[in-house]
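The block underneath contains the structure these notes are about, expressed in structure tokens.
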There are 2 protein chains.
Amino acid sequence: MVKAKKDESAEEKILAAARKVFISKGLAGARMQDIADEAGINKALLHYYFRNKEKLFEVIFLESAQKLFPKINFIFDSDLPLFEKIETFTAEYISIILESPYVPLFVVNEINRDPDMFFDKMVKSGFPKPHKLLAQVEEEIKKGNIKRIHPLHLLMNMISMCIFPFMAKPMLSKRLHINDSQFRQLMEERKKEVARFVIDAIKK
Amino acid sequence: MVKAKKDESAEEKILAAARKVFISKGLAGARMQDIADEAGINKALLHYYFRNKEKLFEVIFLESAQKLFPKINFIFDSDLPLFEKIETFTAEYISIILESPYVPLFVVNEINRDPDMFFDKMVKSGFPKPHKLLAQVEEEIKKGNIKRIHPLHLLMNMISMCIFPFMAKPMLSKRLHINDSQFRQLMEERKKEVARFVIDAIKK
DNA sequence: GTCTATAACTCGATAGAC
DNA sequence: GTCTATCGAGTTATAGAC
């Protein structure tokens, strides 16, 4: 009974607790008892509402993956010019992650643990299709507006620079003595910093 | 009894097996039985040599973290000019990871799970000190040789672009139908690609 | 050093009262 | 719907023979 609010339904309390526990410990590391304690109820109720641990986990994983991915899609497929698309992407994507900074590591982990589960459940429901962005990059190269670069490398570069720092936070904190508010400020800076970096790297 | 060689000592067989199992499943997901099977011996021997699961895990984690980190140190502290240092770093670092592509996710995970353990055990034994590289970047900015950039962002950018694609491999594979040898070739390309990208982003 | 057998314990799941 | 009590499978760890 750590943070459950009286006016939440049991189901909402369970979901909030499961979110917290699964995201920080993963499927194998999480205990149903931990989730019950966090929700301020008992284990039996977890099974009453969600039948078993795997089913509860799947709800949390899918909502997390959907929080992380579909908005990217929207930006990738928009009709913005390339440089504006890059600026929009870095700003929006880092904003999304700042709201749930532990989600990326959780999602990446579970996708590595079971890539097929991920494929089956996610791909149909809005997993980003970068094809339009990749084609747009090709186009700009052909027109001679930007330097030659394999579009896939460009995409990997942008995504890596947005996501990875959140996974490496403990190393930054420990090694360079950066506290939580300093870290948040660094990530706020990165919204523009990464876009500028990418654009400087490809513009002629 | 999957791949154990007759001429390895039991201890070596156990370490090789533990490496494989812990790195792919993490501490919580790994079973002592899995490790025993992989080593071709029985569970009791694991305890005979390493006393318990946590102690065996710690050996694997520390050797993995040391494989991932200390060579960077060497490059960071070298006397190379900045652009050569960037080229050396991306090439060497991606080479290291190509030899053990699952190590980065494993290490990042376990550091997030228990940051203090990591700090106690690793920092004293050669965890990278980027201070010299950061100072060198400051210096080049002051001399007017490169564009203004917060050195820490530059460092995060380089490391992110080298490491993150390995963690995201299953997504690349599933979404863009990239097989193992294509992936390896992409990462080989990145050795020069990332260096070029970084240098283009900061050179005047 | 290496094995078999089993003790001790953890944890997901269920039965059944209220 | 929610709880207490408990079962039973799976796991780590140890005892003891060889």
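Computed over heavy atoms, backbone and side chain alike; hydrogens, waters and symmetry mates excluded. The chains referred to below are lettered A, B, ... by the order of the sequence lines, with proteins before strands, and numbering in each begins at 1.
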*Atom CZ of B:Phe57 and atom P of D:dT12: how far apart are they, to the nearest Å?*
14 Å

*asked:* How would you summarise protein contacts on nucleotides 2-8 of chain D per nucleotide, using B for base, S for sugar-phosphate only and - for none, with heavy-atom distances below 4.0 Å?
replied: BBB----

*Which whole-number value in Å describes the distance from A:Leu56 CG to C:dA13 P?*
10 Å

_Under 4.0 Å from OP1 or OP2 of D:dG10: is there any side-chain N or O of B:Arg31 that close?_
no

*Any Lys/Arg nitrogen of A:Lys13 or A:Glu8 sitting under 4.0 Å from an Asp/Glu carboxylate oxygen of the other?*
no

_Around atom CZ of B:Phe57, are there more than 12 heavy atoms from other residues, nucleotides or ligands closer than 6.0 Å?_
yes

*Looking at every strand, decide which applies to A:Ala28 at a 4.0 Å heavy-atom threshold: base, sugar-phosphate, or nothing.*
nothing

*Tell me, which pairs form a side chain to side chain donor-acceptor pair (under 3.5 Å) where one or both residues lie in residues 149-177 of chain B, sequence neighbours left out?*
A:Asp116-B:Lys174, A:Glu189-B:His153, A:Arg190-B:His153, A:Arg190-B:Asn157, B:Lys169-B:Asp180

*So, does B:Lys53 use its side chain to make a donor-acceptor pair with the main chain of B:Ala30 at under 3.5 Å?*
yes

_A:Pro104 versus A:Ser100, closest heavy-atom pair with distance_ = CD-O, 3.6 Å

*Grab the CG-P distance between B:Leu46 and C:dT4 for me, whole Å please.*
13 Å

*asked:* If the condition is side chain to side chain contact (heavy atoms under 4.5 Å, CB included), which residues does B:Phe166 pass it with, not counting sequence neighbours?
replied: B:Ile94, B:Ile97, B:Leu98, B:Pro101, B:Phe183, B:Met187

*Are any of B:His47's side-chain N or O atoms less than 4.0 Å away from OP1 or OP2 of D:dA13?*
yes

*For A:Asn52 and D:dA9, give me the distance from atom CG to atom P, rounded to whole Å.*
17 Å

*Rounded to the nearest angstrom, tell me the gap between atom NZ in B:Lys55 and atom C1' in D:dA13.*
13 Å

_Separation of D:dT12 C1' from B:Met32 CE (nearest whole Å)_ = 7 Å

*Over how many whole Å does the gap from A:Glu12 atom CD to D:dG1 atom P extend?*
13 Å

*Would you name the heavy atoms of A:Leu176 and B:Leu152 that are closest together and state the gap between them?*
CD1-CD1, 3.5 Å

*Measure the distance from CD1 on B:Ile35 to P on D:dA13 and round it to the nearest whole Å.*
11 Å

